[in-house]
Amino acid sequence: MDCTLSIRCLSASGFRFLSMITPQNLYLRNSRKQVLNKLINFNGHMTDPQTRIATAFNRSLRYGDGLFETMYWDGLRIQNLDFHLDRLFQGMMILQFDLTGGFTREFISEEIKKLCSQNEQSSKSRVRLNVFREDEPSLMPVLNKPVFIIESTDFPEINPTPLRLTLFEGEKKFPGILSNLKTNNYLLNVVAVQFAKGSGFDDAVILNSRGNICETSSSNIFLIQKGVLFTPALTQGCVAGTKRRELLEILPGLGFQVEETIISKEMIHETEEVFLTNAIRQVMPVICIDNTYYAREQTARLMLQLKA
């Protein structure tokens, strides 16, 4: 099911329990209003988000055959757009999409700008790009042209409260050619965040197949110990996050030492501070992982320097 039909189904199921007024239900109601008031860009055509655009042969639904990018529009441009496009086009080459028909970096950049302009988003917004292969029922793809959907919604309200994390060990992430990408198969992340929320935490730390720290359900992870920042190397299976890449490039110039390395489970009990990064929420301090609590002074200093 494409993103639009997913919204319809989620909204329909949501109305069954909207009489139970909870923060989650209010969030779902407000999110639905935001989405339905915006157009989407389906393959270059601006259309209503309730338009039916997926068939039973949609490969994203049948096989998770596609990629996505979640991006931050600051009112004028997408932050770290080149990093998003690097990851997207690397994934499209790995998945062997046929890009001969004009699906270029310049083309998709203009399509994103066109949608944000059409939705009159002169302030911050959240943009999601989903790319998948043309419809084909069989497992082996024959039609390799990309199809895309772009959504833009109002920027979510950011809760400044430090995050509480828990280790998720119900499933591991295997490093490989797909692990650094954002593919349309995100089941491990879904199960991990369900576990975290059900246990009273904000997010879950995902381990790789070797039992080392990989990432969380929606973010990259950094540790601070004796003034040095550590983050899992891409060889450990984490997503090649755009904010992660930005920090790796600029932090040495701000006086921080950063190392991409192997981070064992034991290190999270020994480190001084922990923070997460992603394209939308940028840098997020962590107060604890399970029963291990952290300071946040160095993270606060880093965040101030990034804003300067």
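Scope of the values below: all heavy atoms of this structure, side chains included, with no hydrogens, waters or symmetry mates.
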Check whether any side-chain N or O of [X] sits under 3.5 Å from a backbone N or O of [Y] as a donor-acceptor pair, and report yes or no.
X: Asn189; Y: Ser217; value: yes
X: Thr51; Y: Ile53; value: no
X: Arg62; Y: Ala56; value: yes
X: Lys182; Y: Val239; value: no
X: Asn41; Y: Glu111; value: yes
X: Arg164; Y: Gly200; value: yes
X: Arg126; Y: Glu151; value: no
X: Asn180; Y: Leu234; value: yes
X: Glu272; Y: Ala295; value: no
X: Lys124; Y: Phe155; value: no

Evaluate the side-chain proximity of [Y] to [X]: yes if any heavy-atom separation is below 4.5 Å, no if none is.
X: Leu99; Y: Thr104; result: no
X: Ile221; Y: Ile268; result: no
X: Leu247; Y: Val258; result: no
X: Asp202; Y: Val286; result: no
X: Glu215; Y: Pro232; result: no

Answer yes or no on whether Arg133 is positioned over the face of Phe97, meaning its NZ or CZ is under 6.0 Å from the six-membered ring centre and within 45° of the axis. yes
Under 3.5 Å, is there a donor-acceptor pair between the Ser60 and Asp65 side chains? no
Answer yes if the ring centres of Phe275 and Tyr294 are under 6.0 angstrom apart, and no otherwise. no
If the plane angle is over 60° it's perpendicular, under 30° parallel, otherwise tilted; pick one for Phe168 and Phe195. tilted
Does this structure show an ion pair linking [X] with [Y], if we count only N-O contacts that are shorter than 4.0 Å?
X: Glu273; Y: Arg301; answer: no
X: Arg87; Y: Glu69; answer: yes
X: Asp98; Y: Lys145; answer: yes
X: Lys114; Y: Glu110; answer: no

If I take atom CZ from residue Phe256 and atom CZ from residue Phe222, how far apart are they, to the nearest 0.5 angstrom? 11.5 Å
Can you see which heavy atom on Ile287 is nearest to which on Arg296, and at what distance? CG1-NH1, 3.3 Å
